[in-house]
Amino acid sequence: MPVAWVLILSSFLFSVGIYGVLARRNAVLVLMSIELMLNAANINFVVFNLLLHSISYIGQVFALFIITIAAAELGVGLAIVILIFRNRSTVSIDEVSLMKW
Amino acid sequence: MDFLAHWGLTLSVFLPIVGAALIAFTPKEQEKTIKFLSLAFTFLPLVVGVLLLRVYHIGMTGMQLETNRSWIPSIGARYHVGIDGISLPLLELTLLVTFLCAIYSLKWLPEPHNPKGFLALMLLLETGMAGTFIALDLVLFFIFWELVLVPMYFMIGLWGGPRREYAAIKFFLYTLFGSVFMLLGFLALYFRASPHTFDVLQLQRIGPSLPSGIQNLIFLGMGIGFAIKVPMWPFHTWLPDAHTEAPTVGSVLLAAILLKMGTYGFLRISIPIMPHAARTYAPLIGALAVIAIVYAALNCLAQTDLKRLIAFSSVGHMGFVMLGIATLTQIGVNAAVFGMVAHGVITGMLFFIAGSIHERYHTREIPQLGGMALRLPILGGLLAFTAIASLGLPGLAGFWGEVLALLSSYNPLSALSSHTFRVYMVAGGIGTVLTAGYLLWMIQRVNLGKVPAQWEGKKLVDVQPLEMVAWAPLLLLTLGLGLFPRLIFDVTTHSVIGLTKLLGG
Amino acid sequence: MRSVAWLIPVFPLLAFFLIVFFGKRMPRKGHEIGILAIAASLVVALGVFFQQIAHSDQVYERSVTWFRFGDGGRFVELGMHIDGLAAVMFVVVCTVSLLVQIYSTEYMRDDVRYTWYYACLSLFTGSMLNLVIANNLIQMLIGWEGVGVASYLLIGHWFEERANSNAGLKAFITTRIGDVGFMFGIFVLFWAAGSFNIAHITSVVASGGVARGTLTWAAILLFCGAIGKSAQVPLQVWLPDAMAGPTPVSALIHAATMVVAGVYLVARMYGVFHASPAALNEVAIIGAITMVMAAGLALVQDDIKKVLAYSTISQLAYMVAALGVGAYTASVFHIWTHAWFKALLFLGAGSVAHAVHSFSMNDMGGLRKQMPTTFKTYVIGSLALAGIFPLAGFWSKDDIINGAYHSARAGSSVGWFVFLAALLTAFLTAAYVARMVALTFYGKPRYDPEHVHPHESPKAMTIPLVFLAFMAIFSGFLGLPGKLNLFAGWVRFGDVEHSFNLALDAFSTVLALSGLYLGWTIFKLHRVNIDLAKSPLAWFYKLLQRRYYFDDLYFNGIVHPVAGPIARAAYWTNQKILDAVINFAGTATVALGRFVYRDIDQQIIDGGVNGLAQGAGAAGNGLKFWQTGNVQIYAAGLFVGIAVFVGVFLIRG
C-alpha cells in the first residue's frame with residue numbers, strides 16, 4: 001500500500017477538520033472537527049511507525065497518548081459547551097465571544 | 001545560642017510570613033484573633049532580633065551569623081544570609097517599626113476596614129523588608145526586594161486616599177522599572193564573574209578586577225534601580241504621591257524602611273563590588289544628592305498638604321544620606337548609615353503624627369489647621385519635637401547624620417575632587433537653613449496661632465495611651481540616638497572601615 | 001570643685017526634663033525645680049570660680065570619649081575646659097538666670113504656659129552652660145543650637161499672636177544662617193588640626209601647623225556664627241524683633257545666655273583668630289560699624305525694650321571690636337559688667353511695663369514717684385550703661401577704648417577706626433540712655449490714669465533689681481587700673497593687659513557725660529515740662545540754661561540731624577533694606593519653591609513620567625481590537641500561520 005494513499009487520507013481528514021473548525025457555528029461540531037484533526041494525526045503516527053520499522057513503537061504509543069488526551073479534552077470541552085448552553089441557551093460560537101476586548 | 005547564631009536571622013525574617021499565613025486561615029470575622037496574631041508575629045521577630053544582639057560580636061569586621069545553604073543549584077543561587085554592622089541597625093529598625101505599626105493598628109485601621117487583609121499584607125511586607133537587609137545572594141536579594149512591592153501596592157491601592165489607584169500604580173511601575181535595570185545588572189555580574197556566582201561576598205572579591213567599562217555600565221544599571229527606591233532626584237516623583245495616598249501605617253513603613261533599601265543596595269552591592277565605578281559616579285551621585293537637598297526644601301516651602309510636605313522632606317534627608325555615601329569615606333558612609341536610621345525613626349514618627357492629625361481633623365491641609373498646641377498640647381508638642389529633630393538640632397538623632405555627611409564632603413576620598421565636594425558642602429549647608437525654614441514654618445502654621453473658628457467647639461481628643469505606646473520607642477530613640485550616637489556608631493564603624501578599605505580609602 | 005564642674009550644665013538640663021514631665025504636678029507648677037537647679041549650678045559655679053582664680057595659670061581640662069565615627073582621631077569628646085573665661089561665664093550665666101527665674105515667678109504669675117516657660121528657661125540656661133564648658137567644638141555647637149531653639153521657643157512664647165511666632169522664626173533662621181558658617185569653620189579646623197578639641201586646635205595653630213590662608217577662612221567662618229548669634233551687622237535684624245518674648249527672657253537673652261555666645265566663641269577660639277590678622281581686622285571692622293549703627297538706632301526708638309535691644313547690639317559690638325583689636329581681657333570684662341547692668345535694665349523695664357501694661361515710652365512718664373525702687377535701680381543701670389565713673393560700665397568700656405587706642409598707636413588703621421567708633425558710640429550711648437530715663441520716669445504721666453494705676457512691683461521682682469544694681473555699681477572694681485586689676489589676672493590671652501590711660505579715660509568720660517547731657521537736654525528739659533528745680537539734677541539743668549546757645553547749636557547742627565534724619569535713615573536702612581532683604585529672601589524663596597514645584601516638578605519631570613504611562617496605555621488601546629473574542633478567527637489565524645510557515649519551509653527547502 002503506497003504511503004501516498006494513507007497521506008492523502010489523513011490530509012483529507014485533516015482538511016475536513018479544519019473546515020469544520022473554521023466554518024461551523026455549532027460548538028459541538030467544532031469539537032468533533034477537532035477530533036477529526038487529531039485522528040488524522042494518529043493515522044500518520046501509526047503509518048510512519050510501520051514504515052520506519054521502529055522497534056520502540058513510538059508512533060503507536062503516541063497515537064494512544066493522543067487518543068487519551070483527545071478524550072479528556074472532549075470531556076472538558078463538552079462540559080464547557082453544556083454550561084454555556086445552560087446559561088445562554090445556545091451553543092453557537094458566534095454568540096459566546098466572552099473574551100472580547 | 002548555637003541555633004540562634006545559625007538560624008536566628010532566618011527565623012526573624014520568616015516568622016512574619018508564617019503569621020501572614022495563619023491570618024489568612026483565620027475567618028475574617030475574628031478580628032481580635034487576627035490582631036493578636038499580627039501583634040504576636042511582629043513581636044516574636046523583634047524578640048529574636050534583640051536576642052541576636054547577644055550573639056553578634058560588635059567589634060568585628062565582616063559578616064556574622066551567616067547561613068549558607070544550597071538553594072537553586074542549577075543557576076548557582078544559594079540561600080546565603082548574614083549581617084554586619086551596616087545591616088544590623090537597619091534590620092533591628094525594620095523589626096521594631098513593624099511591631100509599632102502592629103500596635104498602632106490595634107485601634108486605628110484605615111478604611112475600608114479589613115484587618116485580615118491589611119495585617120497579613122503588613123506581615124508579608126516585613127518579611128520582604130527584613131529579608132532585603134540580610135540577603136547575601138543577588139537572587140535572594142532580588143526576590144525579597146520584589147516581595148516588598150506587592151503588599152505595598154495593595155496597601156496603597158486598597159486602603160489609600162482619594163487618588164490611591166494612581167499612586168499605587170505609579171509606585172509599583174516606577175519601582176519595577178528600576179528593578180528591571182537592577183536585575184540586568186545582577187545578571188551581567190553573574191555572567192561576567194568567573195566562576196559564575198550570585199554570591200555577594202564572592203562578587204566583592206571578583207568584582208573589583210572587572211574592566212572599568214563593564215563596571216561603569218553595571219553600576220549605572222543597578223544605580224537606576226537603587227536610585228529610584230532611595231529616591232534620588234530626579235527619580236523622586238513617585239514618593240510624594242505614594243506617601244500622600246498611603247494609609248498611615250503604609251507611610252510609616254515606606255518612609256522608615258522602604259527607602260533605606262535603595263541606599264542599602266548602594267552600600268551592600270554596588271559600591272563594594274564595583275569600587276572603580278563607584279569612584280567614577282561619586283561626583284554625579286553627590287551632585288544629585290545636593291540638588292535633592294535644596295530642591296526638596298524649596299518644594300516643601302510650597303506644600304500645603306502635611307504628608308506631602310513630609311514626603312518631600314524625606315527626599316531632602318535621603319539626599320544627605322546619599323551625599324555621605326558619595327564621599328566614599330569612613331565618615332561619610334558612617335554618617336549615611338546613621339542618617340538612614342535617624343531618618344527612619346524621625347520621619348516614621350512624623351508620619352504617625354500626620355496620620356493622627358488626619359484622624360482628628362479629617363484634613364491635612366496646613367492652612368486649615370492652626371493652634372494645635374492650644375487644642376491638643378501633647379500632639380502639638382510631639383509634632384514640634386519631631387520636626388525640630390528632623391531639622392537636625394544637635395542632641396537629637398537628625399543631627400549626626402547631617403553634620404558628619406557635610407564634614408566628610410569637605411574632605412572626600414582622595415581620588416575625588418575635594419573642590420567639587422566642597423561646593424556640595426556649601427549647597428548642603430544652605431539646604432540645612434532652608435530645612436529649618438520650612439519645618440519651623442510648618443510648625444508655626446499647624447501648631448501656633450489661634451485656633452481657627454471651624455474647630456471651635458469641635459471635639460478633638462489629644463494623644464491616647466495606645467498611640468503613646470506605639471510612639472514612645474521612636475521618641476526615645478530620637479532623643480537616645482542624639483545623646484548616645486555610639487549606639488549606632490559602635491556597631492557600624494568597623495564594618496564601614498572594612499567597606500572603605502575596598503575603595504582604597 | 002573643678003572636677004565636678006560638669007554638674008553646672010547638667011542641673012538645668014535635668015531640670016528641663018523634670019519640669020516637662022512633672023512640672024505641672026508640682027505645687028509651684030515647676031518653678032521650684034528650675035530655681036533649685038540653677039541655684040545648685042550657681043553654688044558649683046562659684047566654687048569653680050574661686051578655685052580657678054586661685055590657680056589662674058592652670059587650665060583644667062577633663063574629657064571622656066563620647067563616640068567614635070571612624071578610626072584614628074575621628075572621635076567626639078564630652079568634656080570641660082575651665083579657664084578664667086569659662087569660670088567668669090559660669091558665674092554670670094548662673095546668677096543672671098537665677099535672678100531672672102526668681103523675677104519671673106511674679107512677672108509670669110498668671111501665664112497660660114507657666115510650667116513650659118520654666119522648662120524652656122532651664123533648657124536655655126543649660127544649653128548656654130554647655131556651650132561655655134565645652135572643650136570641643138561639637139559640644140559647643142550642641143549648646144549653641146540648643147540656645148537657638150530655646151530662644152525660638154521663648155521668643156514665640158505667646159504664640160497666639162502671629163507677630164510673636166514670626167519673631168521666633170526670624171531669630172532662629174537668621175542665626176541659623178550664621179550657624180552654617182560656624183559649622184563650616186569647625187569642619188575646616190577639624191581637617192586642618194585633626195581634632196575637634198579646642199586646646200588641641202589652639203596648640204596646633206600656635207605651632208604653625210595650619211596654613212595662614214586656611215586659618216583665615218576658618219576664623220571668618222567661625223565669626224559668621226558669632227555675627228548671627230551676637231546680632232552684628234549684617235545679621236542684627238533679629239534681635240529687636242526678639243523683644244516679642246516675655247521681658248525676663250529678653251533679660252536672659254541679652255545679658256547672659258544668647259547673644260554673648262558669639263563673643264564667647266571668638267574669645268574661646270582666640271588662638272585661631274589671633275594667628276590671622278586679616279580675620280581679626282574683619283572682626284574689628286564689623287564691630288566698629290555695628291556699634292555706631294546700633295547706637296544711632298537706639299536714639300529713635302519709642303519702645304523701651306527696643307532701645308535696650310539696640311543698646312545691646314551696640315555693646316556687643318564693643319566686645320567684638322575689642323577682640324578685633326586684641327583687647328581680650330577688656331572684651332571679657334565688658335561681658336562681665338554688661339551682663340549685670342543690662343539684666344538690670346531689662347528687668348527694670350519689665351517692672352515698669354508690669355505697672356503701666358505697655359512697653360511704649362509714650363505710655364510712661366513720671367513714674368519715679370510711684371516706683372521708687374525700680375526707678376533708682378534703673379538709673380544706676382542706665383548710668384552704668386552710659387559708662388559713668390565709677391559704675392561698672394565705666395571700667396570695662398574704658399579698657400576697650402584704651403585697647404583700641406593701644407592698637408591704633410601701634411600703627412593699625414583698623415585700630416584707629418575702632419577707636420573713633422568706640423568714642424562716638426560712648427557718646428551716643430549716653431545720649432539714648434538719658435532720653436530713655438527721661439521719657440520713662442520723668443515728665444508728666446502719659447498713661448491713661450483712669451485705667452492704669454502704677455505701683456511698685458512685688459518683692460520677687462524688686463529684690464533681683466536691687467541685687468543687680470549692687471553688681472552694676474561694684475562689679476567694675478575688679479578691673480581697677482594697674483596692680484589692682486584682678487580681672488586681668490584671671491582672664492587673659494598671653495600677657496596681662498595693663499592698659500590704663502588717664503587722659504583717655506577722662507576724655508571718654510567727658511564724652512559720655514556730654515552724651516547724657518545732650519539727651520537730657522532734649523528729652524527732659526525741652527519737650528517735657530516739669531519742675532526740674534527740685535530734681536536731683538537741677539544743677540545740671542541750670543548749667544544747661546546758661547549755655548543755651550550751645551544747645552541750639554547741638555540741636556540744629558548735630559543732634560537734630562543725628563537724632564532725626566540720620567538716625568531715621570539708619571533705621572530706615574535697617575527696616576527697609578537689610579530687613580527687607582531678609583523678608584524678600586523668604587518670600588522669594590517660597591515663590592521659587594512654588595514655581596519649581598508647579599512648573600518644573602509637576603509639569604516637566606512628573607509630566608514625563610505620566611506621559612510614558614499614557615503612551616503605553618494608548619498603544620494597548622489601539623491593539624485591543626484584534627481581540628474579537630471569536631474563537632474561529634483565532635483558529636483561522638493559527639492555520640494561516642502554520643500554512644505560511646510550511647510554505648516558507650517548502651520553498652526554502
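Letters go in sequence order (proteins before strands), and every chain restarts at 1. The structure displayed is predicted, hence computed values, not measured ones.
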Structural part of C:V609 lying under 4.5 Å from a heavy atom of chain B: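 When you check distances to chain B, only side chain atoms of C:V609 fall under 4.5 Å.
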Under 4.5 Å, counting heavy-atom pairs only, tell me which of [options] racks up the most with chain B.
options	answer
C:R113, C:R594, C:E145	C:E145
C:V20, C:L612, C:V596	C:V596
C:W158, C:F595, C:F184	C:F184

Point-to-point distance, once rounded to the nearest 0.5 Å, from [atom1] of [X] to [atom2] of [Y]:
X	Y	atom1	atom2	value
C:N166	B:Q444	CG	CD	4.5 Å
C:F172	B:L393	CZ	CG	6.0 Å
C:Y597	B:N299	OH	CG	8.0 Å
B:D241	C:D606	CG	CG	6.0 Å
B:S408	C:W191	OG	CH2	7.5 Å

Between C:F67 and B:W400, ring centroids under 6.0 Å: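 Yes, close enough.
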Side chains of B:L391 and C:R176 in contact at under 4.5 Å (non-hydrogen atoms):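 Result yes, sub-4.5 Å side-chain heavy-atom pair found.
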Beyond-backbone contact of B:F312 with C:D601, side-chain heavy atoms, under 4.5 angstrom: yes
Can you tell which part of [X] gets under 4.5 Å to a heavy atom of chain C, answering side chain, backbone, both or neither?
X	result
B:F338	neither
B:L173	neither
B:H236	side chain
B:N334	side chain
B:F177	neither
B:T493	side chain

Minimum heavy-atom distance between B:L406 and C:M183, given as atom pair plus value: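 For B:L406 versus C:M183, the nearest heavy atoms are CD1-CE, 3.4 Å.
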For the student: nearest non-hydrogen atoms of C:V590 and B:L301, plus distance: CG1-O, 4.0 Å
Check against side chain to side chain contact (heavy atoms under 4.5 Å, CB included), B:L407 and C:F69: CA-CA 12 Å; B:L407 176 70; C:F69 54 94; 4.2 Å; yes
Pairs of heavy atoms under 4.5 Å with chain C: top-ranked of [options]:
options	answer
B:I169, B:V403, B:L434	B:V403
B:T329, B:V426, B:V496	B:V426
B:L404, B:I430, B:I388, B:V333	B:L404

C:W66 (side chain) donor-acceptor with B:L483 (main chain) under 3.5 angstrom: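 Side chain of C:W66 to backbone of B:L483: a pair is present.
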Side chain to side chain contact (heavy atoms under 4.5 Å, CB included) evaluation trace for C:N610 with B:Y166: CA-CA 10 Å; C:N610 285 337; B:Y166 167 75; 3.1 Å; yes
Pairwise ring-ring contact (aromatic ring centres under 6.0 Å, His included) hits with a residue in residues 422-451 of chain B, at least two apart: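 As it turns out, the ring-ring contact (aromatic ring centres under 6.0 Å, His included) pairs with a partner in residues 422-451 of chain B, which skip direct neighbours, are B:F421-B:Y424.
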Close contacts, residues 135-144 of chain C versus chain B, judged by heavy atoms under 4.5 Å: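 Contacts with chain B: C:I138, C:L141, C:I142.
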